[in-house]
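One structure below.
What you see is a predicted model; the values in this text were computed from it and never measured. We count ligands from 1, going down the list as the structure has it; atoms in each ligand are counted the same way.
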Amino acid sequence: MTEARILVVEDEESYRDSLQFLLEREGFAVDLAASGTAGLDAFTRDGADLILLDLMLPGMSGPEVFKAVRERSDVPIIMVTAKDDQVDKIIGLELGADDYVTKPYSGRELVARIRGVLRRYAGGQRDIVDEPERLTIAGLTLDPERLQLTRGGETQSLPPKEFALLHLLAQNAGRVLPRQVIIDRVWGSDYFGDTKTLDVHIKRIRSRVETDPSEPSLIQTVRGVGYSFEA
Ligand code: CA
């Protein structure tokens, strides 16, 4: 098995050095880029299995690099944001970053997140699947034509948004879907309503599919990121 190649785009030398040390010690191959432009060049030239992208870069900014990479590839990207900067977090998630870490991060946490993202991508689920197809997973059958859920021999009809949300999560089982991605897919990208709407719908579908909705096992909350369906 070849080691995963990680491209680190980071303008601060001390972070670059420590990341290289940490990631190589963990068995990753590491490419370093000190600016957004250099990072994009390196990715275009050599590719990567995952990009660790600092949001605050001089010149070409993190979000600009993100968009440029996304135009040509769905490589997983973990966004690195400044400490406790809510705006940065929101930017990262709105762009659709696969995950993010805030500085200062612990090496162990970072490595765990990298492995988590790589694992999620390994199953051939790079693109978010959003096809209106009948689906059976974890004892649930979802019928998009009738907006029906069958569980334990009982069939119920769901309101359209609840069905779309459950179907999207189930179809992308094992993958964390960022909140904004879910909202875009289920409510449309021109939806500017309260994002609490998403949580309300999650609660409703949990009450339909979870054995104990207060201890959900199928629909997991990934704090600060979004939700995942774990079969
Ligand atoms: Ca920086």
Given the options V186, N172, L168, D130 meets side chain to side chain contact (heavy atoms under 4.5 Å, CB included) only with L168

Under-4.0 Å salt bridge between D143 and R134: yes

Taking backbone and side chain together, does D11 place any N/O/S atom at a distance below 3.0 Å from the Ca ion (ligand 1)? yes

Heavy-atom neighbours of E13 CD exceed 12 at 6.0 Å: no

Between Y15 and the Ca ion (ligand 1), is there a contact where an N/O/S atom of the residue lies under 3.0 Å from the metal? no

Are K67 and E71 within salt-bridge range, i.e. N to O under 4.0 Å? no

Looking at the Ca ion (ligand 1), is one of the N, O or S atoms of D54 less than 3.0 Å from it? yes

